Amino acid sequence: MIENLPKTYNPKDFEDRLYKYWIDGEYFVAHVDENKKPFTIMMPPPNVTGNLHLGHALNNTIQDILIRWKRMEGYEALWLPGTDHASISTEAKVVEKLKAEGKSKEELGREGFLEEAWAWTRKYGGNINNQLKKLGVSCDWSRERFTLDKGLSNAVEETFIRLYNKGLIYKGDRIINWCPNCRTAISDAEVDHEETLGSIWYIRYPLKGEEGFITIATTRPETMLGDLAIAVNPEDERYKHLIGKKAILPLVNREIPIIADEYVEMEFGTGAVKITPSHDPNDFEVGERHGLGQCIIMNERAIINENGGKYEGLDRYEARKRIVEDLKKENYLVDVKDHDNSIGHCERCKTVVEPLISKQWFVKMEPLAKPALDVYKEGKLNFIPERFGKIYTHWLENIKDWCISRQLWWGHRLPVYYCEDCDEIMVSKEKPEKCNKCGSTKIYQDPDTLDTWFSSALWPFSTLGWPEETEDMKYFFPTDVLVTGYDIIFFWVIRMVFTSLEQTGKVPFKDVFLTGLIRDSQGRKMSKSLGNGIDPLEVIEEYGADALRFTLVTGNSPGNDMRFYMERVEANRNFANKLWNATRFVLMNLDEDIIDKSINSNYLEEEDKWILSRMNTVIDEVTENLEKYEIGLSAQKIYDFIWDEYCDWYIEIVKPRLYGENIKSKETAQIILLHVLENVLKLLHPFMPFITEEIWQHLPERKEALIISTWPVYKEENNYPEAEKRMSYIMNAIKGIRNARQEMNIAPSKKAKTIFVTQDENIKDILNYGRRYFINLASAEEIEIIEDKTTIGEDNISVVLDRCEVYIPLKNLIDFDKEIERLEKDKDKLEEELKRVRDKLSNEGFVTKAPEHVVEGEREKQKKYEDMMEKVLERLEALKSSK
RNA sequence: GGGCGAUUAACUCAAUGGUAGAGUGUCAUCUUGACGUGGUGAAAGUUACAGGUUCGAGUCCUGUAUCGCCCACCA
């Protein structure tokens, strides 16, 4: 007896067990094997202390599908996992924890803080990996990396030094984005702009040595404390006479020059602009051009400093309030108007960022951007969907230097040392013994750390041992595809490309598959504050990982946002249950002695050929869809094949053979049931790895795990177009009969005599062959196939098919009005179809220009519909006259 | 101010230029020996709008509307 499955599908019974089974079998571990082609994916490293959310689940499901598929196709598949130290985010969490304990970063000092951060990382660091395992990810845990690992840190330092030595990293005083809450500089990409309704204040500045004022407009009055000039457009007739003169800065009483600069738009505001070089990027440039110098008025917490005079110690917004009040009091405020403007917020903590002049480290982007643009133009880098290529190009064409230093402790410390005596800068991995320049031994390291994305940018190769020339590096790099969300194209994708081109000379991946965002059922972003987030682990707990995975990859397309519905998860769980029970059916009808037998084409019946042929097509299409990254389509095709064709048709058709006396027929049915099931399990495995492996393990004589079985391929010997045609005729006939019977309220249990009328020898042959199908699937009994319908009375349900009519005599059960109504409906449908076909065929353009097979197809349809129409009309007339 | 996307059944979404599909929901029906997490059947569409290209358009082009996203230094 063959071991059977439990009666109900319960994923919790086996998902964890199977994951352990795969791990124990080392199926996820990749090896350098010159006889095989490599296929590599680098998992986008989640934050080390993060938790799995649906975005991760989507991403990793897609990667797992690709990697499992390629593994089965015979590639040496490496999927390398790991985590990111997430400098700013982790540091913020640790600071918060310390705060709750009444401690601060500063109290602990750098060493103490880092100890706390490592403790935190060790405590929460494993979480996300364990959560990923629940999802079934088949990544190579033996190669797991962390961005702060020794090797990866070495790669970071190496890269920094190389770029520095090439002059591509520099230190400079520049306007950067400062987060007063995180108290660090952040890059442009880390600033979120938000349109906000604010005010614009019109302030008049008295002229020096003469009567009158010059009125400026500003959205940030508090920055006037740092004003070093007023600028007007050189062409502006209103102000030409004032250029070169001086004005008095109200409240502060500083003399500032009135200068001319092209940057000023005459149409905006009053046409005169206050210039605050230390607190605005444009003003900074104006200041540079006119040698205005600097006046910094805020500290790292955005609190007014000693340069702010009496406003010193006030928060920036408090200062604004007070300054506006004072201006009003002293009659400098001319007007206040509503004004929309776009305000930058820290991507991490949402605090309004402060543009601030500061000494920071930058990567010079222009020379790096060029090759990254070229490889895209040369087609060496593809985006799925393609439209993201434009976003990539646009960003690179308008790129600005990348601020990479952060005033944080958790991260890669800059490999930069200074001489205390002569300020010489020394860039090296180790601390220099003495100063290169003056020989002093008073050397200290730069306190700053690097932007997290600087190390992430190296991920595709630092993980493989670069800069060492490791075997892994030579074999697995460059990688094949990157799967990530479109929201981190700027942060990550682009930076990986230019960094890899610069350091390795290679594009790090051929394809970039971009996923959309997952939203809640109302289309809102999932967020903690809204409380609408869905925990993937809870979904897995209730419905199983396979149902979740299937939900995430169906019903959406790459790069488009999707809404998440529990109902869909449930539907996919039901699909798993369907497959589970189909397997139970197959297993309970399997005789042990068929297990070793292979398919003998001599014994194949029509439905066997049909299902083999259909399976063959599905194999072909699914593979093709996967190659084009059409994951949702491929999943849908497998779903439809399993449910509609295998379960609803093939299993139902084959039942009588399984219970019948004909041994050969019975055996063949069993062999085909098992054969198709095996192939379907393989096709479905990348999408639903757990249930398929579990079922596979219950099939007789399993020698190897499904995860390493061979991906099915199209086979010409399984191609049976004729059987497909004949079966589809029969299936259509069955549907027609079922439909008519249901509409006439004839219960399926009411078996009825069924008479087919046809003069077509071919159809006769098909129907004759298909007798048992009708008996079992269309509630037919006493099937007759005749040529002449004149002897049949009127007391029938009748169905008009292609080249055939079906009569089901049901004496005294037929409601003539209802039967007429039903046929009228058929008539209407046929009329519509006929009109469409006739219009087409009477269009000369169509007949002459459309491809021959399309025209021929329409002609055949016309003939068919005309014939059917004639029969329907005859029947209608007969019914009406006999009423 | 630029750029991009979306608009298809009640809802959520699919659909290589050739008769618009699915899931969910709805209605009817079935205790048939895998599955009620099921079977069978039905109803449900001017593919946002207006033009154009084409023998033929949900699909390609132009414009409009609505919604959404991204980028951008206009004080």
Side-chain angles (χ1 to χ4, degrees), chain A residues 4-5 7-9 175 193 200 216-220 223 231 263-265 267-276 280-285 339 341-342 355 385 387-388 390-391 394-395 398 486-487 489-490 516-517 521 523 543 547 551 554-557 559-565 567-568 570-589 624 628 630 632-633 636 639-640 647-648 651-652 655 659 735 738-743 745-749 776-777 779 832-833 836-837 839-840 843-851 853-855 857-858 861:
Chain A
N4 211 335
L5 296 163
K7 186 162 181 175
T8 43
Y9 164 66
I175 289 271
H193 290 274
I200 185 163
I216 56 91
T218 179
T219 54
R220 304 200 50 205
T223 62
Y263 150 73
V264 183
E265 304 258 342
E267 294 73 27
F268 192 92
T270 62
V273 195
K274 62 194 267 315
I275 300 295
T276 321
D280 181 280
N282 297 308
D283 292 8
F284 175 79
E285 283 173 26
H339 184 72
N341 73 6
S342 148
R387 66 172 186 274
F388 288 103
K390 272 187 204 166
I391 293 176
H394 182 257
W395 169 270
N398 296 283
Y486 63 72
D487 51 333
I489 294 177
F490 304 135
L517 261 46
S521 57
Y543 297 102
T551 304
T554 49
N556 66 69
S557 47
N560 288 341
D561 293 356
M562 70 178 290
R563 295 188 191 200
F564 192 87
Y565 278 82
E567 292 89 332
R568 290 191 53 234
E570 196 177 333
N572 289 318
R573 190 274 316 267
N574 294 351
F575 168 60
N577 183 66
K578 185 76 183 176
L579 175 64
W580 185 266
N581 280 290
T583 305
R584 288 182 60 229
F585 174 82
V586 172
L587 290 181
M588 72 178 58
N589 286 290
E624 204 181 306
K628 292 194 275 186
E630 292 164 345
L633 278 182
Q636 193 61 51
Y639 179 102
D640 291 342
C647 293
D648 288 348
I651 286 180
E652 292 306 323
K655 275 179 179 172
Y659 310 139
K735 281 188 220 166
R738 279 173 175 171
N739 173 342
R741 289 178 52 117
Q742 284 250 3
E743 298 234 318
N745 287 328
I746 311 297
S749 54
N776 286 287
L777 303 174
S779 305
E832 254 176 66
E833 290 302 316
R836 195 188 54 78
V837 177
D839 283 355
K840 249 186 172 173
N843 180 338
E844 198 153 327
F846 175 76
V847 180
T848 52
K849 290 191 182 172
H853 70 275
V854 176
V855 179
E858 293 297 320
K861 277 180 216 160

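Since the model is a prediction, treat every value here as computed from it, not as a measurement. Naming: A, B, ... by sequence-line order, numbering from 1 per chain.
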If you measure from the [atom1] atom in [N] to the same atom in [M], how many Å do you get, rounded?
N: B:C60; M: B:C4; atom1: P; answer: 14 Å
N: B:A22; M: B:G39; atom1: P; answer: 14 Å
N: B:A44; M: B:C27; atom1: C1'; answer: 11 Å
N: B:U24; M: B:A20; atom1: P; answer: 23 Å
N: B:C11; M: B:U26; atom1: P; answer: 15 Å
N: B:C35; M: B:G18; atom1: P; answer: 42 Å
N: B:G21; M: B:G2; atom1: P; answer: 41 Å
N: B:C49; M: B:C67; atom1: C1'; answer: 15 Å

Ignoring the backbone of [X], work out which of [options] is nearest its side chain.
X: A:Asn739; options: B:C55, B:G41, B:A75; value: B:G41
X: A:Asn581; options: B:G23, B:C74, B:C35; value: B:C35
X: A:Ala582; options: B:A34, B:U19, B:A42; value: B:A34
X: A:Arg836; options: B:U19, B:C70, B:A34; value: B:U19
X: A:Asn843; options: B:A22, B:U19, B:C55; value: B:C55
X: A:Val264; options: B:C35, B:C55, B:A75; value: B:A75
X: A:Glu743; options: B:U19, B:A75, B:A42; value: B:A42
X: A:His394; options: B:G18, B:A14, B:C71; value: B:C71
X: A:Tyr263; options: B:G5, B:A75, B:G39; value: B:A75
X: A:Asn574; options: B:U37, B:A14, B:G41; value: B:U37

_Heavy-atom pair with the smallest gap, counting every atom of A:Met562 and A:Thr551_ =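 Heavy atoms of A:Met562 and A:Thr551 come nearest at CE-O, 3.8 Å.
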*asked:* Give me the atom names and distance for the closest heavy-atom approach of A:Gly271 to A:Val264.
replied: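 Between these two residues, the closest heavy atoms are O-CG1, 3.3 Å.
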Return the value, rounded to whole Å, for the distance between atom [atom1] of [X] and atom [atom2] of [N].
X: A:Lys274; N: B:A75; atom1: NZ; atom2: P; result: 13 Å
X: A:Asn341; N: B:G1; atom1: CG; atom2: C1'; result: 15 Å
X: A:Tyr565; N: B:C13; atom1: OH; atom2: C1'; result: 10 Å
X: A:Asp283; N: B:C74; atom1: CG; atom2: P; result: 13 Å
X: A:Asn572; N: B:U12; atom1: CG; atom2: C1'; result: 13 Å
X: A:Lys849; N: B:G56; atom1: NZ; atom2: C1'; result: 11 Å
X: A:Asn556; N: B:G5; atom1: CG; atom2: C1'; result: 15 Å
X: A:Arg387; N: B:C4; atom1: CZ; atom2: P; result: 11 Å

Under 4.0 Å between any heavy atoms, over every strand shown, what does [X] touch: base, sugar-phosphate, or nothing? Just pick one.
X: A:Glu832; answer: nothing
X: A:Asp648; answer: sugar-phosphate
X: A:Gln636; answer: sugar-phosphate
X: A:Phe388; answer: nothing
X: A:Pro851; answer: base
X: A:Lys735; answer: sugar-phosphate
X: A:Val586; answer: nothing
X: A:Ala571; answer: sugar-phosphate
X: A:Gly271; answer: base
X: A:Ile275; answer: nothing

Tell me whether the side-chain N/O atoms of [X] come closer than 4.0 Å to OP1 or OP2 in [N].
X: A:Tyr639; N: B:G21; answer: no
X: A:Lys578; N: B:G39; answer: yes
X: A:Lys390; N: B:C4; answer: yes
X: A:Lys628; N: B:U16; answer: no
X: A:His339; N: B:A75; answer: yes
X: A:Ser557; N: B:A14; answer: yes
X: A:Arg738; N: B:G41; answer: yes
X: A:Arg220; N: B:A75; answer: no

*Hey, is the side chain of A:Arg573 pairing donor to acceptor with the base of B:U37 inside 3.5 Å?*
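When only heavy-atom distances are counted, A:Arg573 does reach the base of B:U37 through a donor-acceptor pair under 3.5 Å.
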*Please confirm whether any donor atom in the side chain of A:Gln742 sits under 3.5 Å from an acceptor in the base of B:U40, or the reverse.*
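By the distance-only test, yes, there is a pair.
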*asked:* Let me confirm one number: the SG-NZ distance from A:Cys647 to A:Lys578, rounded to the nearest 0.5 Å.
replied: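 These two atoms lie 5.0 Å from each other.
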Side chains of [Y] and [X]: any donor to acceptor distance under 3.5 Å?
X: A:Tyr486; Y: A:Asp561; result: yes
X: A:Asn843; Y: A:Asp839; result: no
X: A:Thr554; Y: A:Arg568; result: yes

_Does the structure show a Watson-Crick or G-U wobble partner for B:C49, both distances under 3.5 Å? Name it, or say none._
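Matched B:C49 with B:G63 under the 3.5 Å cut-off.
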_Checking base pairs now: Watson-Crick or wobble, both atom distances under 3.5 Å. What partners B:A44?_
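Looking at the geometry, B:A44 pairs with no nucleotide.
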*Validate the cation-pi geometry between A:Lys655 and A:Phe585: distance from NZ or CZ to the six-membered ring centre under 6.0 Å, angle to the ring axis within 45°.*
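Output yes; distance and angle both within limits.
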*Do A:His193 and A:Ser342 come close enough that some side-chain heavy atom pair is under 4.5 Å?*
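A side-chain contact exists here, since the closest heavy-atom pair is under 4.5 Å.
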_Heavy-atom side-chain proximity of A:Trp395 to A:Ile489 below 4.5 angstrom_ =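 Side chain of A:Trp395 against side chain of A:Ile489, heavy atoms only: no contact under 4.5 Å found.
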_Can you tell me which residue among A:Trp580, A:Tyr543, A:Phe575 is in a ring-ring contact (aromatic ring centres under 6.0 Å, His included) with A:Tyr9?_
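With A:Tyr9 as partner, A:Trp580, A:Tyr543, A:Phe575 yield a single ring-ring contact (aromatic ring centres under 6.0 Å, His included), made by A:Trp580.
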*For RNA chain B, whose closest nucleotide is more 5', that of A:Glu567 or that of A:Thr219?*
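Residue closer to the 5' terminus by nearest nucleotide: A:Glu567.
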*asked:* Heavy-atom nearest nucleotide on RNA chain B for A:Asn745 versus A:Val854: which residue maps closer to 5'?
replied: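 Closest to the 5' end, via its nearest nucleotide, is A:Val854.
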